[in-house]
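Throughout, a chain's letter reflects where its sequence line sits, starting with A, and its residues are numbered from 1. In this text the structure is predicted, and so the values were computed from the model without any measurement.
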Amino acid sequence: METIRRDLAAKIVGQKIISVKVLDKKLGSAKLTRILFGNKIILADRIGKLLIFELADNNFLLIHLKMTGQLVYTDGDEVIAGGHPFKKGSVLDKVGGKLPSKHTRLHLKFAPSKKDDEGNLFFNDIRRFGYVKIASIKELELIKNDYGIEPLKKDFTLENLKKNLLNRGVSIKAALLDQKKVSGIGNIYADEILFAAGIKPSRPAKSLKAKELEKIYLEAERIIAKAIKHRGTTFSDYVDGQGNEGGFVRFLKVYGRGGEACFECGRTIKKSRVAGRGTHFCPFCQK
DNA sequence: AAGATTGTTGCTTA
DNA sequence: TTAAGCAACAATCT
């Protein structure tokens, strides 16, 4: 999400919206159109996995991609008119490289600038779990209250992590995935962080020794920073703001590797279910 | 054809 | 009150 935010910030901040097409009734067309049309995006922000675009009229455009959402920005009319040949094998290539596709839920057009052609932002979402909505500053503050400390942000300190996790009876994996306590960590990174820290995902959070929690703290920051550096992790549907896939996949050590050999000890990576999610770990390296 | 899937919420059960 | 498990949201892929 941070990769997407950065890419889009460079493209749409300062841009005026000249067309709003809501292609999925579920999103509620009237309010989106009323607020967005003629408005301008003045800031691209993010909290956890929620994208927050500040608008010139003090409203905010919130976008959550959930499992299968995509945001794709294009310049140039060839995309709209004829179908731009996207990178071979990419997710966009799979839908024929044409946008809007049958999974496009929202299509925004931006006023052409001197430098660029008319811009297009497409919100595509196969499973329709994601959402796009308008929030006032007050509504946004309420939403922000539901997000816990986040790796690489200022309040992500060892003390705060202890306070949020160490008294809890839930598994450490469930605790890391709980966005109210720690935000921004999803299923893939939770597994990777716990492998790097040498902790079994099913361990109750409150069973962790101070040293173990410190390891999780350090690995969470290291892995999230590294993932951002490599533009995130693509599994099957995530793409960045230009429709490219993330580069962190090749660094995954356990996620998606059930049945394969552990890179550290050579034993078999196990896949089980913890906190209701597919969970990958090395029974030997993780205690 | 059953079971899996990157996120989150809310219900039921214990 | 807490936590685990599950369904729901919905579409696709293996």
Please answer whether the main-chain N or O of K66(A) pairs with a side-chain N or O of H64(A) as donor and acceptor at a distance below 3.5 Å.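 Flag set: sc H64(A) to bb K66(A) pair under 3.5 Å.
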**Prompt:** Are the side chain of R168(A) and the backbone N or O of K206(A) linked by a donor-acceptor pair below 3.5 Å?
**Reply:**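 Not at all, since once roles are kept as given, no pair shorter than 3.5 Å links the two residues.
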Expressed in angstrom and rounded to an integer, what is the separation of [X] atom [atom1] from [N] atom [atom2]?
X: D125(A); N: dA10(C); atom1: CG; atom2: P; value: 11 Å
X: N187(A); N: dT8(B); atom1: CG; atom2: P; value: 11 Å
X: D24(A); N: dC9(C); atom1: CG; atom2: P; value: 15 Å
X: E2(A); N: dT6(B); atom1: CD; atom2: C1'; value: 17 Å

The side-chain contact (heavy atoms from CB on, under 4.5 Å) partner of K109(A) among K16(A), Q15(A), E118(A) is E118(A)
Practice item. Apply the test salt bridge (Lys or Arg N to Asp or Glu O under 4.0 Å) to residues K253(A) and E192(A): give CA-CA distance (whole Å), side-chain angles for both, the deciding distance (0.1 Å), then the verdict. Key: CA-CA 7 Å; K253(A) 297 205 168 132; E192(A) 294 299 315; over 6 Å; no
Looking at every strand, decide which applies to [X] at a 4.0 Å heavy-atom threshold: base, sugar-phosphate, or nothing.
X: R168(A); value: sugar-phosphate
X: G169(A); value: sugar-phosphate
X: G130(A); value: nothing
X: K206(A); value: nothing

Geometric cation-pi criterion, K133(A) with Y131(A): 6.0 Å, 45°:
yes
Requested in this report: Sticking with atom C1', work out how far dA7(C) lies from dG3(B), rounded to a whole angstrom.
Outcome: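 These two C1' atoms come out 16 Å apart once rounded.
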- Message: For the P atoms, the ones on dG10(B) and on dA10(C), what distance do you get once it is rounded to whole angstrom?
- Response: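 So the two P atoms sit 16 Å from each other.
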Taking the side chain of [X] as its heavy atoms from C-beta onward, which of [options] lies nearest to it?
X: R273(A); options: dA4(B), dT12(C), dG7(B); value: dA4(B)
X: K26(A); options: dA10(C), dT12(C), dG7(B); value: dA10(C)
X: H64(A); options: dA4(C), dT5(B), dT8(B); value: dT8(B)
X: F129(A); options: dT5(B), dA10(C), dA3(C); value: dA10(C)

For this session: Describe, in one word, how the ring planes of F156(A) and Y217(A) are oriented to each other, choosing from parallel (under 30°), tilted (30 to 60°) and perpendicular (over 60°).
Result: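 Parallel, since the angle between the ring planes stays under 30°.
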OP1 or OP2 of dT6(B) under 4.0 Å from side-chain N/O of R277(A): yes
**Request:** Would you please confirm or rule out a distance under 4.0 Å between OP1 or OP2 of dA11(C) and any side-chain N or O of H103(A)?
**Result:**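 No, no such contact exists.
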Report task. Please evaluate the base of dA10(C) for a donor-acceptor partner in the side chain of R128(A) within a cut-off of under 3.5 Å? Result ->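 In this structure, the two groups form no donor-acceptor pair.
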Reading nucleotides 9-14 of chain B from 5' to 3' and marking B where a protein heavy atom lies under 4.0 Å of the base, S where only the sugar-phosphate is that close, and - otherwise, the string is S-----
Point to revise | Assigned partner base of dA14(B), Watson-Crick or wobble definition, under 3.5 Å | key: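 Result: dT2(C).
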Re dA10(C): Watson-Crick or G-U wobble partner, both distances kept under 3.5 Å, found to be none
message = With a 6.0 Å cut-off (strictly less than), is the heavy-atom count around CZ of F37(A), excluding the residue itself, greater than 12?
response =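 No, CZ of F37(A) has 12 or fewer neighbouring heavy atoms, counting only those of other groups under 6.0 Å.
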Those residues at least two apart in sequence (or on a different chain) that pass side chain to side chain donor-acceptor pair (under 3.5 Å) with D191(A) are K173(A), H280(A)
Walking DNA chain B from its 5' end, the first of G278(A) and L177(A) to be reached, judged by nearest nucleotide, is G278(A)
